[in-house]
Amino acid sequence: MKEEEERKTVTEEEEPEEITSEKKQIVWRYFMVTVLLGIVIVAVSLFIFKIAFREKEKWMVVAERHKVPNQPVKPDRGNIFSSDGKLMVTNIPRYYMYMDFQADGFVKDTFLHSRNGLDSLAIYLSKKLNNRTPKGYKDYLIRGMKSKNREYPVYEGRVSYADLKEIKRFPFIRRGRNVSGFYEKEIVQRQRFYGSLASRTIGDIYSETETGGLPRGKTGLELQYDSLLRGEYGIKSTIRVGRSRTDVMEEEPVPGLDVVTTIDLQIQDFTEKALIDKLRSIDAETGVAIVMEVRTGEVKAISNIERIRPGVYVETNTRNYALTDQLEPGSTFKTASIMVALEDGVCTPDDVVDAGNGIYRYENRNIVDHNADRGGYHQITVAQAIWYSSNIGVARTILKGYRSNPKKFTDGLSRIGMDADLHVYGAGRPRIRTQSDPRWSKLTLPWMSFGYEVQVPPIQMLAFYNAIANDGKMIRPVFTKEIRRNGKTAERFSTEVIRSSICSRETLDIVREMLVNVVEKGTGSSVRSDAVAIAGKTGTAQIATGGGYSSHQVSFCGYFPADNPRYSCIVVIRRPRIGYPSGGTMSGGVFRTIAEKIYSGQTRIDVRSMDADSTRVILPEVKNGDAKALASLLKELDIRTEPRRMESAYVAAERRPADNVVALREVSPAGGLVPGVAGMGARDAIYLLEKSGLRVSISGRGRVVSQSLTPGQRVTRGQTVSITLRN
């Protein structure tokens, strides 16, 4: 026992010595590592100091040899928006695809004979691009390889970024640029999200670029605001780092400013459709329609439509007829003539003028009314001369007051703003003939009074009628609301007054009553609407061609509602081939359609004040689609759902009127399967199908009623599915 205690005592005494020794070794090793690290740090610091200061100039020279400096960086061209902020035009990258058959890693045998070489690539490209057969692509690529072309186009057209990413995963191409020689070049294309709507006003850019590389505005707002839209270049340098290169941005590019137009897309759609429908029905050559907001002068819609072949009408890309056409306006000018006469005290609306049997002989020329074949108007008042659009009535009134002093009449036209400079970019100026003109004759005054021997662009005539609607104040038509920088307003355009008053209040009231009666009692009776009161003036004129007159131009210009004007509008149609040329039935018909659609779309009825209807629908029709959006809407309408919450991103909805409930069920597709989109709106259906890897072809409008691929079948990426929508 005693021996054991002694051994224990010895062990306890020895352990501290062993531990102490081990600790000393650890501390020593730590010290050595620290010293070594310190030496390394000092050495690296000295090396860095040597490179950064003592050898700075040497390495700067080396770096400069591997640096490509001062490379321009293109800015993004600014966007164009509608009046309510919808994106109308933006930049979309598109890509040209090439192959470099002299690439460093390109191996002819690998390309021709490997399993994932030429044969597989030709099949994939043919299926994707659909412009050649697999054999056609194989032969085409072999020609490129034999020519050793370094810029051989894989595809003549351009592809989207999504398509480019997919193509880069194709056989052989996926080996990378050095091996396959495949590379792309990016271009920026202007994308219009609403097709041809207001396309002539928005304008276009040149496909080629100027020296410096930025696209230039060609027409319309793209040209007018080109200096703001194009932005400013940035600067970068490309530096070689090892075997790769990297870009160093030295000066960031400044993106172009955004332009917010006054165009209302819904009104533009109404206007363009109504005009095209009428042009097609009468087989006319061209048509113009402009809708303007009375108080602000904002142009809400403008269409320039022309026939490109029988039955086919498109927005013109050649001329902006609405602004530039300098043609004789015809009878819409009579309103201006009588306004001048009323202001000068030449006549009153109740003065009687003899229109005879419809033919008035003056200076060996006949002035003819449109009803001469029916015996003429005989004794009518000045007001009725406007209602019935009597050439004789207006001409004899003007001759009575101004035959001995025509200058007073032309001065009066200038006074009421018929030749005012509207400061509209690209617009033609009116041509009001004066006695100093060598073409002035004894016939000029009476012919001028009913719209001949004067030239007035449609936008100018609209500005005049808009002034009548706007309590006599003539304002500048505007196409742009504001300029934005990074989403914030940089410049806002306010209403600009051209004439504070075109005539006295008394004259204005008389003229406005005349324009109401043109529609209620006169040549504009076909324009009369049960939905909205319209005031305006019809116009029919022969078109001067080669020293004579051929074919006709018909028009209607006015405003609505007549008692509280909100919009003014002009419709001009040229060379109709079907039907009797009439400003009332042709142009006036378009005007009425536009007015009714705008007015009905802006009429608001408080349903809470309406009596309950026993046939009312308690639950609204509900489209299938996005679960969160649907839940938010039903919650806002205080409509109960079952179940109350859904985890699925997409749901189908079914009304249960008996329970006053909308039942929801999950429709989110399983991965790799075709989703069912019946009952969805176009946006949700397209998103869900494209997310599944399908291409979508759409027809109709409303909700989806059928799809060409059966829901639940396996998805083949890139396959096209057709969906049909109906209201």
Side-chain angles (χ1 to χ4, degrees), residues 328-362 365-403 406 408-409 412-413 416 418 443-454 456 461 464-465 468 503 506-528 535-542 554-558 562 582-584 588:
E328 294 167 315
S331 296
T332 52
F333 196 82
K334 291 172 181 173
T335 305
S337 298
I338 294 301
M339 178 181 284
V340 172
L342 290 168
E343 275 292 273
D344 289 341
V346 167
C347 66
T348 71
D350 298 323
D351 285 352
V352 176
V353 59
D354 185 8
N357 63 359
I359 301 175
Y360 174 60
R361 190 75 175 172
Y362 181 77
R365 289 283 300 274
N366 287 335
I367 299 175
V368 182
D369 275 341
H370 63 89
N371 69 337
D373 59 336
R374 299 189 299 275
Y377 287 115
H378 299 286
Q379 301 290 318
I380 56 174
T381 65
V382 170
Q384 288 173 323
I386 292 294
W387 304 355
Y388 305 142
S389 199
S390 170
N391 292 341
I392 297 172
V394 172
R396 295 194 71 169
T397 300
I398 298 305
L399 284 169
K400 181 184 73 171
Y402 302 101
R403 186 182 317 197
K408 187 176 181 182
F409 177 68
L413 292 174
I416 66 173
M418 282 308 301
L443 293 171
T444 299
L445 181 62
W447 255 258
M448 183 186 291
S449 71
F450 50 84
Y452 287 87
E453 299 202 28
V454 292
V456 182
M461 188 62 73
F464 170 68
Y465 276 82
I468 296 172
C503 64
E506 181 182 2
T507 298
L508 186 66
D509 289 341
I510 293 170
V511 170
R512 289 178 70 163
E513 184 179 359
M514 288 179 178
L515 297 181
V516 169
N517 285 323
V518 167
V519 176
E520 295 299 320
K521 303 176 182 179
T523 54
S525 58
S526 59
V527 189
R528 190 185 309 122
K537 181 70 185 74
T538 58
T540 304
Q542 290 183 300
V554 296
S555 59
F556 187 91
C557 191
S582 166

Looking at side-chain heavy atoms only, is the closest gap between [X] and [Y] below 4.5 Å?
| X | Y | result |
| --- | --- | --- |
| Cys557 | Lys537 | no |
| Leu515 | Tyr465 | yes |
| Asp351 | Lys400 | yes |
| Leu399 | Tyr362 | yes |
| Tyr360 | Asn366 | no |
| Met339 | Ile468 | yes |
| Trp387 | Thr523 | no |
| Glu328 | Gln542 | no |

Discussion item. Evaluate Ser389 against Lys334 for side chain to side chain contact (heavy atoms under 4.5 Å, CB included), listing each step before the verdict.
Written reply: CA-CA 8 Å; Ser389 199; Lys334 291 172 181 173; 2.9 Å; yes
Worksheet item: To the nearest 0.5 Å, what is the distance between CD (Glu513) and CD1 (Ile386)?
Response: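 Between atom CD of Glu513 and atom CD1 of Ile386 there are 13.0 Å.
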Practice prompt. First locate atom CD of Glu343, then atom OG1 of Thr507, and finally report the distance between them rounded to the nearest 0.5 Å.
Written response: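 Glu343 CD to Thr507 OG1: 3.5 Å, rounded to 0.5 Å.
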Between the side chain of [X] and the main-chain N/O of [Y], is any donor-acceptor distance below 3.5 Å?
| X | Y | answer |
| --- | --- | --- |
| Ser337 | Ser449 | yes |
| Ser525 | Lys521 | no |
| Ser526 | Gly584 | yes |
| Asp509 | Glu506 | no |
| His370 | Tyr388 | yes |
| Glu520 | Asn517 | no |
| Asn357 | Ile359 | yes |
| Arg396 | Asp354 | yes |
| Thr540 | Ser582 | no |

Practice prompt. Scan Val346, Ile510, Val511, Val382 and name whichever one has a side-chain contact (heavy atoms from CB on, under 4.5 Å) with Ile338.
Written response: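 That would be Val382; it is the only one of Val346, Ile510, Val511, Val382 passing the side-chain contact (heavy atoms from CB on, under 4.5 Å) with Ile338.
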Worksheet item: Would Phe450 and Phe333 count as a close aromatic pair, with their ring centres under 6.0 Å?
Response: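 No - the distance between ring centres of Phe450 and Phe333 does not fall below the 6.0 Å cut-off.
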Discussion item. Between Phe464 and Met418, does the side chain to side chain contact (heavy atoms under 4.5 Å, CB included) criterion hold? Intermediate values first, please.
Written reply: CA-CA 7 Å; Phe464 170 68; Met418 282 308 301; 3.6 Å; yes
Closest non-hydrogen atom pair, [X] against [Y]:
| X | Y | answer |
| --- | --- | --- |
| Asp369 | Ser390 | OD2-OG, 2.8 Å |
| Pro329 | Val454 | CD-O, 3.6 Å |
| Val519 | Arg528 | O-NH2, 3.4 Å |
| Ala541 | Tyr452 | CA-OH, 3.3 Å |
| Ile416 | Leu413 | CG1-O, 3.3 Å |
| Pro446 | Ile367 | CB-CD1, 4.0 Å |

Fill in: Heavy atoms of other groups near Gln379 CD, more than 12 under 6.0 Å
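Buried by this count: over 12 neighbours within 6.0 Å.
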